[in-house]
Amino acid sequence: MAREVSFVFNGNPMKMTVGDHWTLLHLIREELGYLGTKEGCGSGECGACTVIVDGEAVNSCLFLAAEIDGRELLTIEGLAVGDGTLHPLQKAFIENGGIQCGFCSPGMIMAGKALLDENPNATEEEIKEAIAGNLCRCTGYVQIIESIKSVSGHQTEEPRVIAWKTEENDRDA
Amino acid sequence: MQALCSVGKRIPKIDAVDKATGRAQYIQDLKLPGMLYGKILYSKYPHARIVHIDTSRAKQLPGVRAVLTGADIPEIKMGVYKDNRPLKVGKVRSYRDEVAAVAATAPHIAREALNLVEVTYEALPGIFDPEQAMQAGAPLVHEEHKTNVLKMPWKLHYGDVEAARKEAAFIVADRFTTTWVTHCCMGTSGAIAEFDPANNLTVYSNTQIPSLAQKDFLEALKAMGVQDRRVRVIKPCIGGGFGSKLDTYAYEYIAILLAYHTRRPVKVEFDRTEEFSATSTRQPTITYISQGCDKDGKLLFRDVSMILDNGAYTSWGATTPSVMMMPITSLYRVPNVRYEAKCVYTNNTYAQAMRGYGNPQATYAIESTMDMLAEAAGIDPIEFRRINANKAGDVSIQGLRITTCGLEECMAVVKDQLAWDRPKEANEGVGMASLIHVGGGARVYKSDGCGTIIKMDDFGKVDLFTGATDMGQGSDTVIAQIVAEELGLHIEDVHVIHTDTDVCPWDVGAHASRTTFVAGNAALGAAKKIKARLLELGAKQLESPLEKLILQDRQIRHREDAEKRIEIGKLLRKTHFSHAGQMLMAEYFYDPTNENMGRDFRGNMSMTYTFGTHGVRVKVDDETGKVRILNYVAAHDVGKAINPMLLEGQVYGGVMMGIGYALSEQVILEKGENMNPNFRDYKILTAKDVVPIAAPVLETYDKDGPFGAKGIGEPGCVPTAPAVANAIYDAVGVRIKDLPVTPERVLAAIRAKKGLDLCGRELSQDHPDECVIQQ
Amino acid sequence: MRKFTYLVPKTLDEAISLHEARGERAKYIAGGTDVLVKIKEGKLAPDYLISLKHILSQDRPFLNNETGELYVGAFMTHRSIEKSPLVQLHYPILHDAVKNIGSVQIRNVATIGGNLVNAVPSADGAIPLIALDGKAHIYSAKGERTMELLRFFLGPGQCDLGRGEILTEVVIPPQRPRTGSAYMKHGRREAMELPMLGVGVLLSLEEDLNTCAQARICLGVAAPTPFRALMAEKFLVGKAINAENLAEAGRIAGDESRVRDSIRGVAWYRREMVGVLVKRMGLKALERAENKAEGGRLTV
């Protein structure tokens, strides 16, 4: 019915009693009160609830809280360091337009972080694969992929195809 | 003119830090003390008489605080046509009909209580096809109307289409259909309602229309017998809009009714299944279109008639013809136009606004037949479009005054960036489609206005209260840029507040790509008032003529004398803390001078129009029918890009949504029942489906737009489907006239073109249907 | 979510006795990505969930160098199979399948055994393992039994597991020399798809690297259970592997299918795609067999 679990939550050791039927998402949002992790579907199809457990991205909506025992849990709230300095991925999402409505952003950033922690030189294809389970309806993913790419060591200098035209110089497009 | 410091810059969204750190709060994250949880019981039938509802067992469940049915509530009429109620009485007309609602102390108790509500139905024959629903003897969805056809006469005829038809050298005619697609906001819908002891109502809702919602809720209170009370609408962060939140819905009224009955705050929050099956879709259409041109390729007429599946009730979907008219009459120069649309009740789900507001459906038919007509006339499709392109200074036959128009330039850029004339591999093709959309507001309501209040503090910072709604598109940031620019401040000096009708002025809503233009102009108007005051005060303080002063980098400066300058904050303090002190505040209400349409639907509905052209290169797998997009170019005339990064985000997002509309998305309704209410089977595209997209921007500096800007929220998804369909035709010679363009449809068309049946065998009289598999 | 008690046995025997004591009210759970969704949807309502996650076993596929058999433990996550160099190199058909199941997040926790015992027609994991001639090892209080994985599937959602029995692993016999294999899921999107159709082809070649010595064609969603297109396989044996013969094999496999209409695809299209994909996967398998010409028993 309930059990005691010990785990590391965003760097802090925790000990608490969890219900057997609680999901990790329930633990994070309802019991711990950290609301950055979102529920978009509840069935593992949208990725909004993505958190990192022992270095791996998981859907917290389909992960039993009981299974967190002895493990390390990282949520979006654990990314920025204590003085408020943002994680490079958070900065990249902000600066590259990777965020619109923002509902998918915490999960998207966590999926990106899990990828780059394992593979700091991720290619565009690897980035797309890593976030394929994180749906976004606003951005069309383009600027999200650019955001993650800007932090990955594997950056290619592709010129962006933008014809920036004005009334004065509309000859050369 | 001063160089721009904020406007035109790739400035990050001002709410992005909160969203990147998980601090932003959505309706999902809000909890009020003592809050109850509301859940809704939906119909088990698409069409049935409600014989009896027994709520007694549900009421006895511990934790349940209220159970309501249609019989327990006053007559609150909702929707555009007032043909809907929060809880149904007498009969249900679709599967999403709300039959009962429960408030309980926990969500799981409310859900359990729903299972205890016993409803006895008497099934009625349903009608699911709008063309059948128009026939005599079809089951009536609303008996009192005596017909399933709505009395909304969308009908216009400009010039003489029949005469033009006789003159035309080339004519094409065809039928196109589009189906239900849905917004798929990542944050589901939800609302919290709370009454104070005096029956003033506060509603927290992720609405796109706070001011109109306030009015709707006031009317509901009136129906409930609560007179002369206040309604306050508070918007938390919105997890995506796209038009879905442009109406008020049953769930909001249900939250209000449950709160009223329990005297507790009540939250109704949709789960993903509800979000799919109980929110409204984009309007599906059946379009009959013909177009004709003369021997030189000049368009002579366009004749369009549409049937819209209205579903069981009427929301904004039924009014999308008001926008469809715009491309039908005015995309390219057309001298004779006829258009008629009939909205027909069925027992399907009902439709709502969705990005483009009818424009994607109309443009699909128009731009597909433009290619067909070009081919019939033997003219290159780009040249054909160039011959007929709109130009600045045109007044279209519907009376749309085109002030700026970069359509031809957009086509040229697409042609260039897509390498249109490059040699193609087998089954590779290119296609193009253009768009016109309202870019300067859209007068579809009594007012198209937006208000702004600016208050300066003692430190040179701005609190800006706007009626605009930021649902992720970045309007707060754009407004802040405009005000920072005008007042010589930094972007971080401008704090935008848009969340609360108690403090924010009126706005008609976040629709019609109008926010940058209308709310931007409203903010600019208020900022100009403040600027005038600041300059006046500065002139006195610096003992300089007013016209010599500028606002720059948080200071008032003399243009020529660098010594003469003062910090704006310091000036404000001096003004405040002096004898008979003053603080600077300003308000501005901007209502554009665009026109409501007349009885003949003529009128300049927008101050300006956004144009654009999309081009796409595809490769079709002729064995599987799969369409792969190799490259996509979406060029738009945006007037002026206030924030190029956010603008590109609108285009990329629109294009990917448009590609989904073209190729993969479909709400599958079987006899009115939603068969795919989940992300597994409703196929919005994933990161792995991203195609290379270029978003070139043309700036034409519209005289009425703030710093020259026009709206760009919707255009990204308007011409996507016809561009893709045209490219498929170019690749494999088949024209797909039904959305989505599934591999099945492409393969079937390829085989039919070769004279083969679905199994790839020669079609013959003997076995025409052999390959249809008996289940 | 509905309440249940979560039990965490450390051994198979413990798991089985926990199940035996609770009977119908208990349900095994591994990764939980299917079981928890079913509980949330009300399709399952167990009072006890018995976790198989903590039973000590291998965490990645391994090769028995004595027998040449590959052991794929039922409690391995898709991700661990996907990342296994052994699988990537020598069992590409399995890699093809597991790397496209769900998302990274799902593959990090969902197990191959869970995918199999769900026995949905669209189970991506089953097709390659059947094509590889996998044997299912099933454990119960009575001991262990072994069966052809192909015969493990009885109908949609039904597999040959008695009450309390646990699928523990799938064992893949050594492959013939000059074998190549490939799997493809046919869907609308590039990710997050349940297949409209899944096609796996395994070919072993004669020494001429052209003549088919053995063929296994396994299809998912083409019938109520995963099945092998035996007529098509028979057609190929002894023939040259080329586009023409593979196309004919595909046509035969299409005829052997029992496809149906569903919201994910219509029957005629599915049958036509069986033809196309058998050909394409056959050609890919051929290419892989040629690339790995020496073949034979694997050692890693």
Side-chain angles (χ1 to χ4, degrees), chain A residues 1-3 5 18-27 30 39 41-71 107-108 110-115 118-119 122 125-135 141, chain C residues 1-9 26-27 29-54 59 75 77-80 82-83 95 98-111 114-115 185 187 189-194:
Chain A
M1 304 307 295
R3 68 193 57 229
V5 294
V18 302
D20 278 7
H21 65 292
W22 291 359
T23 61
L24 189 53
L25 181 64
H26 175 89
L27 171 68
E30 307 298 328
E39 173 164 336
C41 71
S43 52
E45 290 163 2
C46 79
C49 68
T50 301
V51 297
I52 297 179
V53 174
D54 283 352
E56 289 188 332
V58 303
N59 292 318
S60 60
C61 74
L62 295 183
F63 194 102
L64 288 178
E67 285 290 337
I68 203 64
D69 189 37
R71 306 175 80 168
M108 199 66 90
M110 297 313 281
K113 179 173 191 323
L115 167 73
E118 189 190 341
N119 176 7
E125 285 316 302
E126 288 165 337
I127 292 167
K128 287 179 176 178
E129 178 66 48
I131 60 167
N134 295 74
L135 299 180
Y141 307 101
Chain C
M1 202 166 24
R2 192 182 182 278
K3 284 189 180 169
F4 49 76
T5 300
Y6 189 61
L7 304 169
V8 189
K27 169 91 191 157
I29 181 172
T33 54
D34 284 309
V35 170
L36 294 180
V37 170
K38 283 180 186 156
I39 292 173
K40 287 183 180 192
E41 288 174 347
K43 289 176 184 162
L44 278 180
D47 293 322
Y48 299 92
L49 282 182
I50 302 170
S51 172
L52 304 177
K53 271 180 108 154
H54 299 266
D59 63 350
F75 317 135
T77 64
H78 292 113
R79 193 76 170 146
S80 66
E82 174 191 354
K83 284 183 177 173
H95 186 249
V98 293
K99 74 167 189 231
N100 283 317
I101 292 175
S103 60
V104 170
Q105 290 94 319
I106 293 286
R107 298 201 292 279
N108 276 337
V109 291
T111 64
N115 189 257
K185 164 194 338 227
R189 293 181 292 197
E190 293 295 314
M192 298 299 282
E193 287 287 85
L194 283 183

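In what follows, chains carry the letters A, B, and so on, assigned in the order in which the sequence lines appear, proteins first and then strands, with residues in each chain numbered from 1.
Most heavy-atom pairs under 4.5 Å with chain C: of the set A/L64, A/N134, A/T23, A/T50, this distinction falls to A/L64. Of the residues considered (C/K40, C/R107, C/E190), C/K40 shows the highest number of contacts with chain A, using heavy-atom pairs under 4.5 Å.
Taken from CG in C/L7 to CG in A/D20, the straight-line distance is 7.5 Å, to the nearest 0.5 Å. For the atom pair NZ of C/K83 and CD of A/E118, the computed distance is 3.5 Å after rounding to the nearest 0.5 Å.
The environment of C/K53 atom NZ is dense: over 12 non-hydrogen atoms of other residues, nucleotides or ligands sit within 6.0 angstrom.
Residue contact with chain A, scored on non-hydrogen atoms closer than 4.5 Å, involves the backbone of C/R2 exclusively. Of the atoms belonging to C/V8, it is side-chain heavy atoms, and not backbone ones, that fall under 4.5 Å from chain A. Interface residue C/M1: backbone and side-chain heavy atoms are both found under 4.5 Å from chain A. For C/V109, the part lying under 4.5 angstrom from a heavy atom of chain A is the side chain only.
Pairing each heavy atom of A/N59 with each of C/S103, the nearest pair is ND2-OG, 4.3 Å. For the pair A/E67 and C/S51, the tightest heavy-atom approach, listed with the atom from each and the gap, is OE2-OG, 3.8 Å. The two residues C/I106 and A/L62 come nearest to each other via the heavy atoms CD1-CD1, 4.3 Å. The heavy-atom pair separating A/A111 from C/Q105 by the smallest distance is CB-NE2, 4.0 Å. Shortest non-hydrogen contact noted between C/F4 and A/H21 is CZ-CA, 3.4 Å.
Although no hydrogens or angles enter the test, the distance criterion places a donor-acceptor pair under 3.5 Å between the side chain of A/R3 and the main chain of C/Y6.
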